[in-house]
Amino acid sequence: MEYPQVTPFPSGFLWGASTSAYQVEGAWNEEGKGPSVIDKAVFNAELSDFKVTSDHYHHLEQDVALFAELGLKTYRFSLSWARLFPQGTGELNLAGAAFYDRLITLLVQYHIEPLVTLYHFDLPWALQEKGGWSDPATIDAFERYARMAFERYGDRVKYWLTINEQNMMILKGEVIGTLPPGTPDPQKALYQQNHHMMLAQARAMIACHQMLPTAKIGPAPNISCVYPASARPEDVLAANNFSAIRNWLYLDLACYGTYNAVAWSFMREKGYLPTVTEQEMALLRAGKPDFIAFNYYASATVGAEQSAHAREQGEPTRAVDQQLAGIDTRVYAGMNNPFLKRNQFNWYIDPVGFRITAREIYERYRLPLIVTENGLGAFDTLEAGNKVYDDYRIAYLRQHLEQLQLAISDGVEVFGYCPWSAIDLVSTHQGIGKRYGFIYVNRDEKDLKDLARYKKKSFAWYQQVIASGGQNL
Ligand code: BG6
């Protein structure tokens with residue numbers, strides 16, 4: 001659909017930017033913080049320094065002042081569960097709690113709405129050692145942690161996110177650290193963990209509504225629209241299967257409190273079915289989100305049979321990336337998409353897919369949407385005068401905002417946009433070399449240099465986008 005005039009971004013639109021605790025804070029063992037699964041992941045230590053990351057913990061005032069200069073209306077960040085409860089449960093670490101008090105108070109002073117993720121991949125190691133999400137006791141620990149956060153910060157925080165990219169943790173559990181490598185029957189274990197996380201999320205949503213009647217809370221999965229590799233009905237079916245397993249399983253549980261029928265049949269067929277009680281399903285139905293937050297980087301394309309398609313297209317099938325996480329070639333096959341360009345890390349760039357994704361989510365659930373991640377990872381170069389000319393990032397964000405505005409024109413209710421990331425931070429899988437921020441942090445993978453902050457060209461661009469309420473893209 002084309003419009004002679006697109007609908008403006010709504011007034012009060014939450015122009016924002018995102019980070020997560022383990023990727024930006026550093027201070028990994030300071031002032032009482034306990035280790036998380038991320039601190040223990042061997043591949044992280046080999047890849048990059050995850051102990052200091054962007055050292056936001058020690059640059060708090062400077063960073064928030066820069067966010068204010070950027071003009072952010074909201075800042076999405078996560079609380080480090082292990083900074084607050086070093087053992088995952090038990091005693092609150094007051095120094096850790098005070099750090100988030102300072103951050104939230106600063107944001108409020110600058111009129112930046114805090115948007116708080118309770119849990120972004122970094123489960124306290126003490127809980128992991130006791131079985132992590134395989135142990136139902138982690139559900140209780142999460143609820144207790146969430147209640148503490150609502151009680152302590154609820155006077156200043158109106159918007160809450162439960163769990164970041166639960167679907168990625170399940171689909172790539174062994175990579176992210178959700179499941180220890182070598183766990184027997186890993187897929188079955190992961191789907192049981194998924195069920196436990198859903199229960200934890202439902203309890204947090206119920207607690208939030210009880211404790212903070214004017215606050216709003218929602219899930220934050222990674223959602224990508226899925227294209228069939230061709231109009232062949234088998235390919236369309238494969239795309240449909242993948243979308244159910246990758247996307248809707250998670251949102252159907254969060255929004256309707258029901259298991260997606262196709263995903264359920266897939267788990268039954270493969271022997272992955274979680275143990276589920278009627279009481280638990282009642283809890284899932286009772287926990288309701290106020291909105292849906294979603295992260296989008298690119299679309300996915302799948303076909304029915306990898307080998308047949310590879311032959312037809314005369315090109316190799318696609319390597320598994322974030323969009324194709326959890327690919328099960330017995331059900332669908334990740335395919336190349338000749339209509340899309342790729343970034344330096346081989347991820348597709350698909351702004352139109354962003355519009356399609358927003359429409360699909362809204363049509364299914366009819367809840368307001370906020371984008372909590374979208375961005376371009378790239379090898380930035382620091383030029384003379386400490387300049388970074390990241391025109392490629394501006395182009396990516398501009399194209400995605402244009403498509404988001406078209407989605408709004410289509411009738412999709414969107415109340416905010418938080419690109420990844422507010423400031424450079426360590427990528428989950430590809431180190432600090434894969435930068436996403438509006439603000440450059442002067443360090444390399446292992447050489448921490450002076451960690452100075454420099455505004456990139458995209459900083460000035462986004463600043464005027466926000467100042468114009470999205471009129472000057
Ligand atoms: C999302 C995560 O999966 O994508 C972030 O929520 C992550 O933590 C981001 O950093 C980009 O992925 P990557 O692998 O490029 O860091």
Side-chain angles (χ1 to χ4, degrees), residues 16-26 36-39 41 43-44 46-50 53-54 56 75-81 115-123 161-178 197 218-224 246-247 250 292-300 319-326 342-350 354 357 370-380 390 392-393 396-397 400 417-438 441 445:
S18 294
T19 63
S20 88
Y22 78 88
Q23 294 177 275
V24 78
E25 284 177 7
S36 75
V37 292
I38 303 287
D39 297 316
F43 84 91
N44 283 347
E46 285 167 0
L47 184 73
S48 194
D49 173 276
F50 265 84
T53 62
S54 306
H56 176 61
Y75 170 53
R76 178 210 177 203
F77 61 96
S78 73
L79 304 177
S80 157
W81 184 348
L115 171 58
V116 176
T117 316
L118 289 168
Y119 166 46
H120 191 126
F121 297 165
D122 52 355
L123 187 73
L161 304 168
T162 52
I163 300 178
N164 178 71
E165 294 195 356
Q166 181 172 330
N167 55 339
M168 289 298 118
M169 285 195 277
I170 300 308
L171 294 162
K172 295 206 288 190
E174 285 185 298
V175 183
I176 293 178
T178 318
M197 284 188 210
N222 178 307
I223 305 294
S224 291
R246 186 199 190 283
N247 297 321
Y250 301 89
I292 295 171
F294 73 104
N295 301 346
Y296 172 91
Y297 288 87
S299 55
V320 174
D321 58 12
Q322 189 192 58
Q323 284 61 49
L324 293 173
R342 301 169 197 226
N343 71 19
Q344 288 173 320
F345 292 84
N346 222 18
W347 289 22
Y348 280 122
I349 297 176
D350 184 8
F354 190 32
T357 302
I370 181 166
V371 179
T372 37
E373 288 183 36
N374 172 237
L376 182 76
F379 292 110
D380 291 339
D390 55 343
Y392 37 87
R393 182 167 294 110
Y396 177 100
L397 294 172
H400 283 76
Y417 175 73
C418 300
W420 187 259
S421 49
I423 184 167
D424 282 349
L425 38 71
V426 182
S427 141
T428 303
H429 304 108
Q430 286 159 308
I432 186 83
K434 188 184 195 186
R435 293 175 186 270
Y436 283 92
F438 294 109
V441 174
E445 299 301 355

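One-based numbering, in listed order, for ligands and for the atoms of each. Side-chain atoms are counted along with the backbone in the values below, which use heavy atoms only and exclude waters and symmetry mates.
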According to the interplanar angle, ranging from 0 to 90°, do the rings of W420 and H120 count as parallel (below 30°), tilted (30 to 60°) or perpendicular (above 60°)?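 Taking H120 first and then W420, their aromatic rings lie parallel (interplane angle under 30°).
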Give me the ring orientation class for W81 and Y119: parallel if the planes are under 30° apart, tilted from 30 to 60°, perpendicular past 60°.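 Because their plane-to-plane angle is over 60°, the rings of W81 and Y119 count as perpendicular.
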Looking at [X], which atoms of ligand 1 are within less than 4.0 Å of one of its heavy atoms?
{"X": "Y297", "answer": "4 (O), 9 (C), 11 (C)"}
{"X": "S427", "answer": "13 (P), 14 (O), 15 (O), 16 (O)"}
{"X": "Y436", "answer": "11 (C), 12 (O), 13 (P), 15 (O)"}

Out of Q430, E165, E373, M168, the nearest non-hydrogen contact to atom 3 (O) of ligand 1 is supplied by E165
Regarding atom 14 (O) of ligand 1: of the candidates Q23, H120, K172, H429, which has the closest heavy atom? H429
Quick one: ring pair (Phe, Tyr, Trp, His ring centres under 6.0 Å) partners of F345, sequence neighbours excluded?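 If we apply the ring pair (Phe, Tyr, Trp, His ring centres under 6.0 Å) test to F345, skipping adjacent residues, the hits are F379.
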Check the side chains of [Y] and [X] for a donor-acceptor pair under 3.5 angstrom, ignoring hydrogens and angles.
{"X": "T19", "Y": "Y75", "value": "yes"}
{"X": "S36", "Y": "D122", "value": "no"}
{"X": "T53", "Y": "E25", "value": "no"}

Just to check, does F345 reach to within less than 4.0 Å of ligand 1 when the distance is taken from its heavy atoms? no
Pairs of nitrogen or oxygen atoms closer than 3.5 Å, one from W347 and one from ligand 1: do any exist?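 Looking only at distances, the answer is no, because the N/O contact criterion of under 3.5 Å is not met.
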Test your reading of the structure: does N222 have an N or O sitting under 3.5 Å from an N or O of ligand 1? no
Please confirm whether Y296 and F294 have ring centers closer than 6.0 angstrom.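 So the answer is no for these two rings.
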Determine whether the side chain, the backbone, both or neither of N164 has a heavy atom under 4.0 Å from any heavy atom of ligand 1.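 N164 to ligand 1: side-chain contact only, backbone stays beyond 4.0 Å.
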